[in-house]
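Working notes, beginning with the structure itself.
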Amino acid sequence: QVQLVESGGGSVQTGGSLRLSCTVSGYTYSTYCMGWFRQAPGKQREGVATIDSDGDTAYRDSVKGRFTVSRDNAENTVYLRVNSLKPEDTAMYYCAKASACTWPLRQHEFSYWGQGTQVTVSS
């Protein structure tokens with residue numbers, strides 16, 4: 001049974017940083033795509049970043065230069081470093097797994113999702 005567990009969220013002030021983690025269990029293959037999504041209250045869930053098994057990454061425009069996605073295949077863990085946070089980054093952040101990465105992200109291609117970790121940025 002594939003499980004994804006996120007951690008690392010929290011409350012920070014504008015300009016602060018966090019490192020979100022997502023650990024995948026129950027899946028033995030290293031070739032898969034990991035995506036980070038977020039959903040703010042009253043808004044649709046949106047794709048934030050992806051990283052494939054080769055380490056190639058893609059980001060939505062609003063987070064380029066501030067967010068960095070990375071992965072440790074040996075630990076089956078994906079990270080999202082979020083810097084220079086803004087109030088508009090406030091959302092529940094989710095990681096998800098797909099067989100391949102595309103951009104823009106197509107949410108229906110992600111079969112497994114974590115429970116989310118909350119990021120709150122105050123001004």
Side-chain angles (χ1 to χ4, degrees):
Q1 180 180 358
V2 178
Q3 289 188 316
L4 284 67
V5 179
E6 302 100 331
S7 61
S11 297
V12 298
Q13 293 187 326
T14 298
S17 298
L18 292 168
R19 190 179 78 158
L20 310 184
S21 300
C22 172
T23 300
V24 182
S25 61
Y27 191 78
T28 58
Y29 300 101
S30 61
T31 55
Y32 54 88
C33 170
M34 291 300 297
W36 284 96
F37 298 79
R38 67 185 180 185
Q39 187 168 21
K43 295 188 177 181
Q44 289 188 331
R45 187 165 57 190
E46 62 184 18
V48 175
T50 60
I51 184 166
D52 67 15
S53 54
D54 293 326
D56 293 329
T57 60
Y59 301 89
R60 71 181 299 109
D61 287 346
S62 62
V63 307
K64 285 180 180 177
R66 300 189 299 121
F67 290 12
T68 304
V69 59
S70 60
R71 65 192 289 167
D72 183 337
N73 287 335
E75 297 294 328
N76 281 346
T77 300
V78 178
Y79 303 97
L80 184 68
R81 179 72 180 183
V82 294
N83 294 329
S84 303
L85 283 163
K86 306 174 182 179
E88 52 264 40
D89 295 317
T90 294
M92 185 71 80
Y93 283 71
Y94 301 89
C95 66
K97 189 186 81 63
S99 57
C101 284
T102 59
W103 192 270
L105 288 173
R106 294 193 283 263
Q107 297 189 34
H108 67 272
E109 294 180 348
F110 287 80
S111 301
Y112 299 97
W113 293 79
Q115 82 289 350
T117 187
Q118 178 69 37
V119 173
T120 303
V121 185
S122 58
S123 58

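Both backbone and side-chain heavy atoms feed into the values below; hydrogens, waters and symmetry mates do not.
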*If you take all heavy atoms of L4 and A96, which pair is closest and at what distance?*
CD2-CA, 3.6 Å
*State, to 0.1 Å, how close G114 and Y94 come at their nearest heavy-atom pair, and which atoms those are.*
O-CD2, 3.6 Å
*In terms of side-chain geometry, is the basic nitrogen of K86 or D89 positioned less than 4.0 Å from the acidic oxygen of its partner?*
no
*How many angstroms lie between atom OH of Y93 and atom OG of S7, to the nearest 0.5 angstrom?*
15.0 Å
*Heavy-atom pair of closest approach, residues V78 and W36*: CG1-NE1, 3.5 Å
*Taking the six-membered ring for Trp, are the ring centroids of F37 and W113 within less than 6.0 Å of each other?*
yes
_Flag, side chain of E109 to backbone of T102, donor-acceptor distance under 3.5 Å_ = no
*Ignoring hydrogens and angles, tell me if any N or O in the side chain of Q115 forms a donor-acceptor pair with the backbone of V5 under 3.5 Å.*
no
*Quick one: does L85's side chain get under 4.5 Å of F67's, heavy atoms only?*
yes
*R38 versus V63: any side-chain heavy-atom pair under 4.5 Å?*
yes
*When rounded to the nearest 0.5 angstrom, what is the spacing between OG1 in T68 and OH in Y79?*
14.0 Å
_Using 0.5 Å steps for rounding, measure from the SG atom of C33 to the CG atom of L105._
7.0 Å
_Quick check with a 6.0 Å cut-off and a 45 degree axis cone: is R71 positioned over the face of Y32's six-membered ring?_
yes
*Do you reckon V121 sits in the same ILVMFWY cluster as Y59, going by side-chain contacts under 4.5 Å, direct or chained?*
yes
*asked:* I'd like to know if the side chain of Q39 reaches the main chain of A91, judged simply by a donor and an acceptor atom lying under 3.5 Å from each other, with no hydrogens or angles considered.
replied: no
*Should T14 and P87 count as side-chain neighbours, where that means a heavy-atom distance under 4.5 Å?*
yes
_Please find the pair of heavy atoms, one from S17 and one from S84, that lie closest to each other, and give the distance._
OG-N, 4.2 Å
*Taking atom CD of Q13 as the centre, does the number of heavy atoms from other residues, nucleotides or ligands within less than 6.0 Å exceed 12?*
no
*Shortest non-hydrogen contact from L18 to G8?*
CD2-O, 3.8 Å
*Give the minimum heavy-atom separation between M92 and Q118, together with the two atoms involved.*
SD-N, 3.5 Å
*Please check if I51 and V24 belong to a single hydrophobic cluster, counting links between Ile, Leu, Val, Met, Phe, Trp and Tyr side chain heavy atoms closer than 4.5 Å.*
yes
*Distance-only donor-acceptor check, side chains T120 and T90, under 3.5 Å*: no
_N/O donor-acceptor pair under 3.5 Å between D54 side chain and D56 backbone_ = no
_CH2-OG1 distance between W103 and T57, expressed to the nearest 0.5 angstrom_ = 9.5 Å
*Would you call C95 and M34 a side-chain contact if the rule is heavy atoms closer than 4.5 Å?*
yes
